[in-house]
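Working notes, beginning with the structure itself.
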Amino acid sequence: MSVLIVIPARYASTRYPAKPLVHLRGADGTSKTLIQRSWEAAMAVSGVDRVVVATDDERIEAEANSFGAEVVMTSDHCANGTERVAEALASLGGGYDIVVNLQGDAPLTPAWFIEDLLAGLRANPWAELATPVLRCEGAMLESLREDRRHDRVGGTTAVFGADNRGLYFSKEVIPFTSRPYSAQEPTPVFHHVGVYAYRPETLAAYPNWPVGPLETLEGLEQLRFLENGRAVLCVEVESRGRQFWELNNPSDVPRIESMMAEMGLA
C-alpha cells in the first residue's frame, strides 16, 4: 500500500506564532528548526513513498527548501492540520492508499510510532483513520497535570474501548484518577500522539463536514471524525525508552531540549 506523509505547518498560530521556525538544540549542540526536525522524523519512517511539507507561508517554504524538503503550498483558509493535509493530497492528485499527518510540532516522534500506526490501519479494515496512544507513566501524567494546574494547554489524552475504537480525546486529563503514581509506574491515562493515518476517501470528506460543538470546545481536529460517526482506531505504541513531548507552548522548548540531551539525540 502506497504511503504519503504530509507535515502541515502554519506560521500564524494563535498560541505560538512562528512555531515551525523555532530552533531546538540537540544533545551535541546542533540547532535545527522545529520543521526540519519534524521532517527528519518523517524521513526516518520505513515503508513511506513520499514526504512533503504543507504550508501557506513563504517563510516556512524557504526554510523547508533550505534542507531539501518537498513543499506543497496550501491556502490560508485551512482550519487545522487535517484540512491542510486534505488540500495537499488534492493538490498532489491523490494516488496514495494511506495518508499520514505528522503534525509539525512533534519532533520526538519515533519512526516505530508511525510504522505501528500503518500496520494497525492495514490490519483493521473497519477503521477509517488510526492514531497512536502512549500509556503514561507517573512522571508524564504529572507533567500533564502540572500544565492543567497552570492553565497551559499541554498534551492531549485519549480514551478508547476494548476494540481500541476511539471514544473521546481531550485536553483535560482523562480518565480521572486521584491516586499518586511513582515516576516509572504505568497509569490508566493515555497520551494521544498527534499523528494520524487516514484512508484517503475519509480524509477528502473531512473538510466538508460541519464543525461540531466538541471540536469547537476542545480545539481538537480529531473530534470532527467522532462527531460525524467515523471509526477511529487507537493504536497503543511503546516508548522503548524514548521520551515524548509535543511543542505546544514556549515553555516546551527547554523541556524538549532537555529530553533530547538525556536521550543523546543530535
Please report the shortest heavy-atom distance between G26 and R37, naming the atom on each side.
N-NH2, 3.3 Å

H191 vs T156, side chain to side chain donor-acceptor pair (under 3.5 Å): CA-CA, chis, key distance, verdict
CA-CA 6 Å; H191 185 183; T156 297; over 6 Å; no

OG1/T82 to CG/L129 distance, rounded to the nearest 0.5 angstrom?
8.0 Å

Is the NZ or CZ atom of R59 both under 6.0 Å from the centre of the six-membered ring of Y11 and within 45° of that ring's axis?
yes

Between E218 and S170: side-chain donor-acceptor atoms closer than 3.5 Å
yes

Residue pair L226, Q222: steps toward the side chain to side chain contact (heavy atoms under 4.5 Å, CB included) verdict
CA-CA 7 Å; L226 294 183; Q222 64 269 37; over 6 Å; no

Report, as yes or no, whether the 6.0 Å neighbourhood of atom CD on E58 holds more than 12 heavy atoms from other residues, nucleotides or ligands.
no

Look at R135 together with E238 and state whether they make a salt bridge at an N to O cut-off of under 4.0 Å.
no

Working note: R10 + D56, criterion side chain to side chain contact (heavy atoms under 4.5 Å, CB included); need CA distance, chi angles, decisive distance, verdict.
CA-CA 6 Å; R10 63 172 181 151; D56 60 357; 4.2 Å; yes

Using a distance-only test with no angle check, is there a side-chain donor-acceptor pair under 3.5 angstrom linking T55 and E61?
no

Contact check, side chains of Y96 and V3, non-hydrogen atoms, under 4.5 Å
no

Under the side chain to side chain donor-acceptor pair (under 3.5 Å) rule, what do E87 and T74 come out as? Steps first, then yes or no, please.
CA-CA 7 Å; E87 186 175 318; T74 55; 4.6 Å; no

Which heavy atom of I60 sits nearest to which heavy atom of P20, and what is that distance?
CD1-CG, 3.7 Å

Go through the steps for D28 and T30 under the test side chain to side chain donor-acceptor pair (under 3.5 Å), then give the verdict.
CA-CA 6 Å; D28 63 351; T30 301; 2.9 Å; yes

Are any of the side-chain nitrogens in D97 or R122 under 4.0 Å away from the carboxylate oxygens of its partner?
no

State, yes or no, whether a side-chain contact exists between L108 and M259 at a heavy-atom distance under 4.5 Å.
yes

Could you check if a side-chain atom of M43 sits within less than 4.5 angstrom of a side-chain atom of I5, using non-hydrogen atoms only?
no

Once you measure the plane-to-plane angle for Y198 and Y196, does it fall in the parallel (<30°), tilted (30-60°) or perpendicular (>60°) bin?
parallel

Indicate yes or no: at least one non-hydrogen side-chain atom of V237 is less than 4.5 angstrom from one of V133.
no

Could you tell me the separation between the OG atom of S258 and the CD atom of Q243, rounded to the nearest 0.5 Å?
7.0 Å

Going through the distances and angles, do T216 and V211 end up as a side chain to side chain contact (heavy atoms under 4.5 Å, CB included)?
CA-CA 7 Å; T216 301; V211 177; 3.5 Å; yes

For D49 and L4, run side chain to side chain contact (heavy atoms under 4.5 Å, CB included): C-alpha distance rounded to whole Å, both residues' side-chain angles, the deciding distance at 0.1 Å, then the answer.
CA-CA 6 Å; D49 298 275; L4 167 71; over 6 Å; no

Please verify the inter-ring angle class for W209 with F225; under 30° counts as parallel, over 60° as perpendicular, anything in between as tilted.
perpendicular

So F169 and L223, do their side chains get closer than 4.5 Å, heavy atoms only?
yes

Residues R230 and E128 bridged, charged N to O under 4.0 Å
yes

Please name all residues satisfying ring pair (Phe, Tyr, Trp, His ring centres under 6.0 Å) with F160, sequence neighbours left out, ordered by chain then number.
F190

I want to check something: taking the side chain as every heavy atom from C-beta on, are L134 and F113 in contact at a cut-off of under 4.5 Å?
yes

Heavy-atom nearest pair, V193 first then T131, reads O-OG1, 3.5 Å

Test item: C136 and Y181 side chains (from C-beta on) under 4.5 Å apart, heavy atoms:
no

What are the two closest heavy atoms between S38 and D105, and how far apart are they?
OG-N, 4.2 Å

Can R84 and E221 be counted as an ion pair, charged N to O under 4.0 angstrom?
no

Please report the C-alpha distance between S46 and E115 in whole Å, then the side-chain angles of each, then the deciding distance to 0.1 Å, and finally whether the side chain to side chain donor-acceptor pair (under 3.5 Å) criterion is met.
CA-CA 7 Å; S46 63; E115 291 161 3; 2.9 Å; yes

Is the side chain of E246 donor-acceptor paired with the backbone N or O of G194 at a distance under 3.5 Å, no angle test?
yes

Can you see which heavy atom on E227 is nearest to which on E215, and at what distance?
OE2-N, 2.9 Å

Can you find a heavy atom in the side chain of L34 that is under 4.5 Å from one in the side chain of L21?
no

Under the criterion salt bridge (Lys or Arg N to Asp or Glu O under 4.0 Å), I'd like the reasoning laid out for K32 against E63: C-alpha separation, chi angles, the key distance, then a yes or no.
CA-CA 10 Å; K32 299 177 184 178; E63 170 62 16; over 6 Å; no

Might you point out which heavy atoms bring M263 and R242 nearest each other, and give the distance in Å?
SD-CD, 3.5 Å

Check: D252 side chain, N249 main-chain N or O, donor-acceptor pair, under 3.5 Å
yes

V52 with V48, same ILVMFWY side-chain cluster at under 4.5 Å
no

